[in-house]
There are 2 protein chains.
Amino acid sequence: MSEALSILNEQELVDVVAARDESTKKTQFTIGELAKEFDCTLRTLRFYEDKGLINPKRDGLNRVYTRRDRARLKLVLMGKRVGFSLSAIRDMLDLYDLRDGQVTQLRVALNKFNEQIDVLKVQQNDIQQAIDELSRTVEIVSGMLKQKEAEEAAEQ
Amino acid sequence: MSEALSILNEQELVDVVAARDESTKKTQFTIGELAKEFDCTLRTLRFYEDKGLINPKRDGLNRVYTRRDRARLKLVLMGKRVGFSLSAIRDMLDLYDLRDGQVTQLRVALNKFNEQIDVLKVQQNDIQQAIDELSRTVEIVSGMLKQKEAEEAAEQ
DNA sequence: CTAGACGTTTACGCGAACGTTAGCTAAACA
DNA sequence: TGTTTAGCTAACGTTCGCGTAAACGTCTAG
């Protein structure tokens, strides 16, 4: 019945953010490959694994990353760029893995995104106030400086 | 000779930023009074002392803060607001204490202020990019959501 | 045979800015 | 007499996102 639809439904959040990346046909990645591709260190990738953000399989001891791991990593990095903490990102990924109702997941994600936008706007405000306060101070100090320089010149 | 002038010169950076505060005629303050006035904890004031930002005298064991300490505290808090680290603030205060040529000090301070303004502007940019990226994602996810909701409605 | 590339684990360090007990005075009020 | 109130020192704990060894395994090229 809705088989075709459910296949279409397989467009997931990962694909959205990761922009359905077809830049490579590879299905397996080593830790070094991913580190190079996404410009992070091996330590970082291991750390993310330790924090439960990614779950590469093993070939013996060596980590083997699937396309899915790669997509998740992309999400993690995008999350970092927009100011989410790693634990917040993990929460979202975990939720995402529940796969109950996709719709619910999307709603939750949407809420978090909008909340984060608000957080960022508050930060922008704070920074703007800091800039304003600093600018005022610069004005005053500049004035003092000119006066002092004039005084010094007069003394000579 | 320039006695009168040097007295006028006693307008210091502390006074500039602290806006030559005459809100009280008191000359002595306890740690609790300052904590209440500036809305910080005792621990914070002791911590700042430990870091060399303030140097209250002692009456026995108890700390006694002068108007100068109070002004410095005000500088510290303003420095924090505008994004300076405590160590950067301490450097400026130390420099200020050197009292060699006031003019040099003012120039240095002015430079640091302007540099910090630049830093803040960069941060604003970063945040704006994060907001943009998030907003784009919100758009996409919203679209997905609408489509999914439509599909769900159609299945019923 | 050996050097180099690539990988592994365990685990301490850091930097910023305090929070948080814990245990002790000393004055002041009832 | 007891109990708030205000203060003290000393020192460990916290959060974040990794950096940085240390010490070791494994495979390939020359």
Side-chain angles (χ1 to χ4, degrees), chain A residues 26 28-66 69-70 72-93 116 119-120 123 126 130, chain B residues 26 28-66 69-70 72-93 116 119-120 123 126 130:
Chain A
K26 291 185 66 168
Q28 310 260 89
F29 307 88
T30 71
I31 190 170
E33 287 169 352
L34 284 192
K36 193 166 292 179
E37 178 176 356
F38 294 105
D39 192 35
C40 56
T41 68
L42 307 191
R43 176 70 179 105
T44 298
L45 292 179
R46 295 186 190 119
F47 180 74
Y48 289 168
E49 179 179 353
D50 204 51
K51 291 293 168 181
L53 296 168
I54 323 179
N55 277 316
K57 289 160 188 163
R58 302 299 167 116
D59 173 17
L61 275 183
N62 290 14
R63 290 168 175 79
V64 178
Y65 295 83
T66 64
D69 293 319
R70 181 160 166 275
R72 286 176 70 101
L73 174 58
K74 224 169 184 177
L75 268 181
V76 171
L77 297 178
M78 120 72 146
K80 278 200 54 189
R81 279 199 304 278
V82 301
F84 283 114
S85 72
L86 292 187
S87 71
I89 294 171
R90 191 199 45 210
D91 291 347
M92 290 197 288
L93 289 175
Q116 182 63 13
V119 167
L120 291 173
Q123 287 182 20
D126 291 349
Chain B
K26 291 185 65 168
Q28 310 259 92
F29 307 88
T30 71
I31 190 171
E33 288 168 353
L34 285 190
K36 193 166 293 180
E37 178 176 356
F38 294 105
D39 192 37
C40 56
T41 68
L42 307 190
R43 176 72 178 99
T44 299
L45 292 178
R46 294 184 191 121
F47 179 75
Y48 288 169
E49 179 179 352
D50 205 51
K51 291 292 168 181
L53 297 169
I54 323 180
N55 277 318
K57 289 160 190 164
R58 301 300 167 115
D59 172 17
L61 275 182
N62 289 14
R63 290 168 174 79
V64 177
Y65 295 83
T66 66
D69 294 319
R70 182 162 166 272
R72 285 175 71 101
L73 173 58
K74 223 168 185 177
L75 267 181
V76 170
L77 297 177
M78 121 71 146
K80 277 200 56 188
R81 278 200 304 278
V82 301
F84 284 114
S85 72
L86 292 187
S87 70
I89 295 172
R90 191 200 45 211
D91 290 348
M92 290 197 286
L93 288 175
Q116 182 63 15
V119 168
L120 291 173
Q123 286 183 19
D126 292 348

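Every value quoted in this text rests on a predicted model; they were computed, and no experiment measured them. Numbered from 1 within each chain, the chains take letters A, B, ... in sequence-line order.
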dist B:R72:CZ -> B:N55:CG (nearest 0.5 Å) comes out at 6.5 Å

Distances for protein N or O near nucleotides 6-11 of chain C N or O, under 3.5 Å:
residue	atom	partner	partner atom	Å
C:dG7	OP1	A:T30	OG1	3.2
C:dG7	OP1	A:G32	N	3.0
C:dT8	OP1	A:R63	N	2.9
C:dT8	OP1	A:R63	NH1	2.9
C:dT8	OP2	A:R46	NE	3.3
C:dT8	OP2	A:R46	NH2	2.8
C:dT8	O5'	A:R63	NH1	3.3
C:dT9	OP1	A:R58	NH1	3.0
C:dT9	OP2	A:R63	NH1	2.8
C:dT9	OP2	A:R63	NH2	2.8

Hey, does the side chain of A:S87 come within less than 4.0 Å of D:dG17's phosphate (OP1/OP2), counting only N and O? no

Please determine whether a side-chain nitrogen or oxygen atom of A:T41 lies at a distance below 4.0 Å from atom OP1 or OP2 of D:dT20. no

In whole angstroms, the gap separating C1' of C:dC18 from CG of B:D39 amounts to 15 Å

Which part of the nucleic acid, if any, lies within contact of A:K51, taking any heavy atom under 4.0 Å across all strands shown: a base, the sugar-phosphate backbone alone, or nothing? nothing

Atom-pair distance (CG on B:D50; P on C:dG19), nearest Å: 14 Å

B:D91 vs B:F84, test: side chain to side chain contact (heavy atoms under 4.5 Å, CB included). Steps then yes/no. CA-CA 11 Å; B:D91 290 348; B:F84 284 114; over 6 Å; no

Atom-pair distance (CZ on B:F84; C1' on C:dA16), nearest Å: 16 Å

Nearest whole angstrom, please: distance from the C1' of C:dC14 to the CZ of A:F47. 13 Å

Rounded to the nearest 0.5 angstrom, the CZ-CD distance for A:R70 and A:E37 is 4.0 Å

Quick one: B:K57 NZ to D:dG7 P, roughly how many Å, whole number? 19 Å

A:R90 CZ to D:dT15 P: how many Å, rounded? 13 Å

Atom CG of B:L86 to atom P of C:dA17: distance rounded to whole Å? 4 Å

Minimum heavy-atom separation for B:L73 to B:F38, with atom names? CD2-CD1, 3.5 Å

From the list A:R63, A:K57, A:R90, A:R43, salt bridge (Lys or Arg N to Asp or Glu O under 4.0 Å) with A:E49 holds only for A:R63

What's the shortest heavy-atom distance between B:L42 and B:A35, and which atoms? CD2-CB, 3.7 Å

May I ask you to evaluate whether A:Y48 reaches the phosphate of D:dG17, defined as a side-chain N or O under 4.0 Å from OP1 or OP2? no

Which value, rounded to the nearest 0.5 Å, describes the distance between B:D69 atom CG and B:I31 atom CD1? 11.0 Å

